[in-house]
Amino acid sequence: MQVPESDAAAHFDLLVAEADLSRRGLVAWAVLLRAHATLMRQLETDLKQKTGLALADFDVLAQLARAGGALRMTELADRALISRSGMTRRIARLVREGLVRRANADADARGVVITLTDPGQSRLAESGPVHMRGVSDLFVAKLDDHELAVLESALAKVTIDCTFG
C-alpha cells in the first residue's frame with residue numbers, strides 16, 4: 001500500500017497499534033537493537049585493528065576452547081550462532097590459516113570434528129585479552145551488579161532456540 005510521505009508517521013503509529021505494541025515496548029526494542037549493533041561494531045573494530053582477527057573468528061576459536069578444544073561442526077555452528085553454510089566457509093578459511101583442523105568423527109564417518117590447533121590457541125591467547133577488555137569497558141563497567149542481573153533475567157525470558165539451519 002502506497003502512503004503519502006506526510007502520513008508516514010501516522011501510518012507507522014497505526015502499524016504499531018495494530019501489532020499491539022506499547023510505545024515503551026517499541027522503544028525498548030529499538031534500544032536493544034541499537035545497543036547490540038553498536039557494541040558488536042565496536043568490538044569487531046577494536047579486535048580487528050589490534051589483532052587482525054575478525055570477531056566471528058575469535059568466537060569460533062573461543063567456542064572450541066570452551067569445549068575443551070574440539071566440537072562437531074554442527075554443534076560449533078549452533079554455539080557460534082552462525083549458519084551451517086557460513087560456518088563451513090569460515091572453517092575452510094581457518095583451516096587454511098592453520099588455526100583449526102578438520103577431521104571425520106570416529107563414531108560417524110559423516111560427522112566432522114573441528115579441533116583448535118596450537119597456532120589457534122596462540123591466536124586466541126593474543127586476542128582474548130583485547131576482546132575481554134572491550135566487553136568490560138564497553139558493557140560491564142557501564143552497569144552495576146543489579147542492572148546486570150536484571151538484564152540477564154529479562155533477556156533470558158526472550159531467548160529462544162537460536163540454532164541456524
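For the atom pair CG (Leu143) and CG (Leu148), the distance works out to 5.0 Å, reported to the nearest 0.5 Å. Taking NE2 of His11 as the reference point, atom CG of Asp7 lies at 9.5 Å (rounded to 0.5 Å). Note: Leu71 CG to Arg66 CZ = 11.5 Å, rounded to the nearest 0.5 Å. With rounding to the nearest 0.5 angstrom, the CE atom of Met87 is 10.0 Å from the OG1 atom of Thr74. Distance OG/Ser136 to NZ/Lys142: 10.0 Å, rounded to 0.5 Å.
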Do any side-chain atoms of residues 112-130 form donor-acceptor pairs under 3.5 angstrom with protein atoms, and if so which ones, sequence neighbours left out?
{"unit_1": "Thr117", "atom_1": "OG1", "unit_2": "Gly98", "atom_2": "O", "d": "2.6"}
{"unit_1": "Thr117", "atom_1": "OG1", "unit_2": "Leu99", "atom_2": "O", "d": "2.9"}
{"unit_1": "Thr117", "atom_1": "OG1", "unit_2": "Gly120", "atom_2": "N", "d": "3.1"}
{"unit_1": "Ser122", "atom_1": "OG", "unit_2": "Asp118", "atom_2": "O", "d": "3.2"}
{"unit_1": "Arg123", "atom_1": "NH1", "unit_2": "Thr51", "atom_2": "O", "d": "2.8"}
{"unit_1": "Arg123", "atom_1": "NH1", "unit_2": "Glu126", "atom_2": "OE2", "d": "3.4"}
{"unit_1": "Arg123", "atom_1": "NH2", "unit_2": "Thr51", "atom_2": "O", "d": "3.3"}
{"unit_1": "Ser127", "atom_1": "OG", "unit_2": "Arg123", "atom_2": "O", "d": "2.8"}

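When the side chains of ILVMFWY residues are joined at heavy-atom separations under 4.5 Å, either directly or via intervening members, Val150 and Phe139 end up in two distinct hydrophobic clusters. Side-chain heavy atoms closer than 4.5 Å link hydrophobic residues (I, L, V, M, F, W, Y) into clusters, and following such links, even through other members, never connects Leu15 to Leu26. Under a hydrophobic clustering in which Ile, Leu, Val, Met, Phe, Trp and Tyr are joined whenever their side-chain heavy atoms come within less than 4.5 Å, directly or via other members, Leu39 and Met132 fall into the same cluster.
With sequence neighbours left out, Asp144 forms a side chain to side chain contact (heavy atoms under 4.5 Å, CB included) with His146, Glu147. Residues passing the side chain to side chain contact (heavy atoms under 4.5 Å, CB included) test with Gln49, sequence neighbours excluded: Thr45.
Side-chain contact check for Phe58 versus Leu43: every heavy-atom pair is 4.5 Å or farther apart. Val27 places a side-chain heavy atom less than 4.5 Å from the side chain of Val31.
Within 6.0 Å of CZ on Arg93 lie more than 12 heavy atoms contributed by other residues, nucleotides or ligands.
Taking every heavy atom of both residues into account, Leu53 and Leu47 meet most closely at O-CG, 3.5 Å. Across every non-hydrogen atom of Thr159 and Leu155, the tightest pair is OG1-O, 2.6 Å.
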Handout entry: Evaluation steps, side-chain contact (heavy atoms from CB on, under 4.5 Å), between Arg79 and Asp59
Key = CA-CA 9 Å; Arg79 288 184 182 202; Asp59 189 33; over 6 Å; no

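Comment: Lys48 does not engage Glu44 in a salt bridge, judged by the lack of any side-chain N to carboxylate O separation of less than 4.0 angstrom.
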